[in-house]
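Notes for the one structure printed next.
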Amino acid sequence: MVGSSFQLDGKVALVTGASRGLGQGMAIGLAEAGADVIGAGISDMSATREQIEALGRKFYQIKADLSQPEAAKQLVLDAVRETGKIDILVNNAGIIRRAEAEVFTDEDWTAVIDVNLNSVFQLCREVGNHMIENGSGRIINIASMLSFQGGLRVPAYTASKHAVAGLTKSLANEWASKGINVNAIAPGYMETDNTEALRANEERNAYITSRIPKGEWGKPEDLKGPVVFLASEASSYVNGHVLCVDGGWMSS
Ligand code: NAD
């Protein structure tokens with residue numbers, strides 16, 4: 001029955017940046033579908049742990065600063081030591097720096113590319129090797145509307161998210177035949193810390209809201225269904241897709 005193909009019982013999901021925002025929402029969604037969750041990142045994850053354990057699922061927290069070059073390799077070693085396997089990888093951790101392109105610093109550029117792109121590739125590679133050995137796996141990268149559009153005052157973020165979409169397709173081509181589905185979710189404008197500055201700017205906020213056909217910003221819970229779909233058997237013939245979850249933004 002199709003309902004059971006969405007179940008994730010017995011699966012282990014590694015979610016980066018699961019302390020708050022979209023990562024927290026997706027981690028809880030995966031646990032609601034039956035998965036145990038490894039949360040990886042730099043911030044306190046006790047709020048996520050509390051909600052996942054209340055569902056009767058296991059939660060493991062592993063400290064990993066994904067701005068550091070060796071962090072991905074160490075994280076995967078630690079995660080496999082802790083749980084024995086990784087069935088699902090959600091590359092969610094990400095940062096944004098805002099400034100006009102003509103004064104955008106090398107430091108900001110490198111910081112964004114390191115977390116949003118370099119660590120995503122390194123985690124895909126390290127977890128991909130583990131999944132190839134197991135003959136199956138699901139990788140879900142978190143892209144953005146700025147995987148398709150230019151945005152304003154966020155050149156490094158836009159470059160990193162365009163690259164995440166391309167990387168997703170490239171890895172999907174290589175690994176689909178090895179039982180690994182690589183896809184991405186491109187969230188629209190969502191209410192999280194990442195968009196606090198944007199929402200605080202009345203004029204930009206009003207403009208953005210007016211352009212969303214659904215008429216409102218998204219919430220972390222809105223990613224639960226999409227991430228469970230892409231993590232489960234229900235999406236077994238979906239490869240290299242970038243799924244917009246955007247209240248219609250890309251169609252408007
Ligand atoms: P957020 O700022 O609320 O959360 C980001 C998470 O990443 C936090 O848990 C943070 O601790 C973690 N993180 C940051 N730097 C890290 C590092 N060096 N090492 C490990 N973890 C680190 O942001 P969010 O809005 O929940 O965004 C999550 C993802 O979704 C990001 O990739 C973001 O680009 C993407 N996204 C967000 C929106 C939106 O509207 N909020 C839209 C499109 C895409």
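The analysis underlying the following values was restricted to heavy atoms, covering all of them including side chains, and did not include hydrogens, waters or symmetry mates. One-based numbering, in listed order, for ligands and for the atoms of each.
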Intermediate values then yes/no, salt bridge (Lys or Arg N to Asp or Glu O under 4.0 Å), Glu233 and Arg138: CA-CA 9 Å; Glu233 275 310 299; Arg138 293 282 194 275; 3.7 Å; yes

Where is the nearest protein heavy atom to [atom]: which residue, which atom, and how far?
| atom | result |
| --- | --- |
| atom 37 (C) of ligand 1 | Leu22 CD1, 3.5 Å |
| atom 43 (C) of ligand 1 | Pro187 O, 3.4 Å |
| atom 16 (C) of ligand 1 | Ile42 CD1, 3.5 Å |
| atom 42 (C) of ligand 1 | Gly188 O, 3.1 Å |
| atom 29 (C) of ligand 1 | Asn92 O, 3.0 Å |
| atom 33 (C) of ligand 1 | Tyr157 OH, 3.5 Å |
| atom 9 (O) of ligand 1 | Ser19 OG, 2.8 Å |

Provide the number and element of each atom of ligand 1 under 4.0 Å from a heavy atom of [X].
| X | result |
| --- | --- |
| Met190 | 39 (C), 40 (O), 41 (N) |
| Gly21 | 26 (O) |
| Ser43 | 10 (C), 11 (O) |

Full working for side chain to side chain contact (heavy atoms under 4.5 Å, CB included) between Phe148 and Asp246: CA-CA 13 Å; Phe148 309 100; Asp246 62 353; over 6 Å; no

Proximity to ligand 1 by part of [X], non-hydrogen separation under 4.0 Å:
| X | result |
| --- | --- |
| Ala143 | backbone |
| Ala64 | backbone |
| Thr195 | side chain |

If you measure from each heavy atom of [X] to ligand 1, is any distance below 4.0 Å?
| X | value |
| --- | --- |
| Asp65 | yes |
| Gly218 | no |
| Trp217 | no |
| Gln24 | no |

Looking only at the side chains, is there a donor atom on one of [X] and [Y] sitting less than 3.5 Å from an acceptor on the other?
| X | Y | value |
| --- | --- | --- |
| Asp65 | Ser67 | yes |
| Asn118 | Gln122 | no |
| Asn205 | Asn201 | no |
| Ser46 | Asp44 | yes |

Proximal candidate to atom 5 (C) of ligand 1 [heavy atom criterion; set Ser147, Ala93, Gly94]: Gly94

Minimum non-hydrogen distance to atom 15 (N) of ligand 1, winning option of Thr192, Val90, Asp44, Ile95: Ile95

So, do [X] and [Y] sit near enough that their side-chain heavy atoms are less than 4.5 Å apart?
| X | Y | result |
| --- | --- | --- |
| Asp193 | Arg20 | yes |
| Ile139 | Leu171 | no |
| Asn129 | Arg125 | yes |
| Asn116 | Ile95 | yes |
| Ile208 | Trp249 | yes |

From Arg57, Lys224, Gln51, residue fulfilling side-chain hydrogen bond (donor to acceptor under 3.5 Å, both in side chains) relative to Glu32: Lys224

